[in-house]
Amino acid sequence: MTITDTIIPGAYIFEPKVFHDSRGYFIETFNRKHFIEKGIDVDFVQDNQSVSHKNVVRGLHAQKGPFEQGKLVRVIKGAVVDIALDVRVGSPAYGKHIGVELTAQNNLQLYIPPGCLHGFVSLQDDTIFAYKVTNYFDKDSESGLIWNDPELSIGWSINQMDAIVSEKDQLLPDWKSYQSPFTFVG
Ligand SMILES: Cc1cn([C@H]2C[C@H](O)[C@@H](COP(=O)(O)OP(=O)(O)O[C@H]3O[C@H](C)C(=O)[C@H](O)[C@H]3O)O2)c(=O)[nH]c1=O
């Protein structure tokens, strides 16, 4: 497993070792010891899976405390551009985002710490997105930001006119009206 730091404190890119043989391949998709190596004491309590058509954008979402979530995200089939935006007040990366292409071919995974808004755009039809979260879903704790605020100039790699966005996500606030409920703990 190769673990790469990002500009967002606590966010890491994981590249699992692929064991190929005449039958196909094997990878460990999660091993807690790699998080412990990075000093992250994760306790995932829920696994999620969504399937998206090409050009579907989900996000930018985060659950507020006490239901904030760390997320370990990956793609089982297809491809996404995955975005994490640090909104922890006091973070050295506050207002900064990372974008990582996660595909069924590259097997990359991204760990997104609590306090980051998360979203992705599906680059292929029938993309299967699977992720582990460190806290339970709590509908009343959902918060978010509109996906395409020009002030953040997030590179979604698709033509905005083609994006398929839920009605709920289309109503999310823009960056200048976003009130972060998160504080950075260094
Ligand atoms: C997230 C979630 C949703 N649901 C139910 C609620 C709705 O009836 C339905 C679809 O939910 P939603 O439209 O919020 O799904 P996404 O737009 O994929 O939301 C996710 O998208 C971005 C990328 C995220 O990082 C979050 O995990 C999450 O916000 O599933 C549940 O029952 N449990 C859950 O954990």
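For ligands, and for the atoms within them, numbers begin at 1 and follow the listed sequence. Atom set for the values below is all heavy atoms of this structure, side chains included, hydrogens, waters and symmetry mates excluded.
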My understanding is that only residues two or more places apart in sequence, or in another chain, count here; which of them pass salt bridge (Lys or Arg N to Asp or Glu O under 4.0 Å) with R88?
D86

Apart from V45 itself, what residues make up its hydrophobic cluster, given side-chain heavy atom links below 4.5 Å?
Y136

Apart from V18 itself, what residues make up its hydrophobic cluster when side-chain heavy atoms of I, L, V, M, F, W and Y under 4.5 Å apart count as a link, directly or indirectly?
Y25, I27

Could you list each nitrogen or oxygen of ligand 1 that sits under 3.5 Å from a protein nitrogen or oxygen, with the atom names and the distance?
from	atom 1	to	atom 2	distance (Å)
ligand 1	14 (O)	K168	NZ	2.9
ligand 1	18 (O)	R58	NH1	2.9
ligand 1	19 (O)	H61	ND1	3.4
ligand 1	21 (O)	H61	ND1	3.1
ligand 1	25 (O)	K71	NZ	2.9
ligand 1	25 (O)	H118	ND1	2.7
ligand 1	27 (O)	Y131	OH	2.7
ligand 1	29 (O)	H61	ND1	2.6
ligand 1	35 (O)	Q46	NE2	2.9

Whether the side chain of D149 engages the backbone of W175 through a donor-acceptor N/O pair (distance < 3.5 Å, no angle test) should be reported.
yes

Quick check: does any side chain N or O of T134 sit under 3.5 Å from a backbone N or O of G70, one acting as donor and the other as acceptor?
yes

Considering the options Y12, Y131, F44, which one meets the side chain to side chain contact (heavy atoms under 4.5 Å, CB included) requirement together with L72?
F44

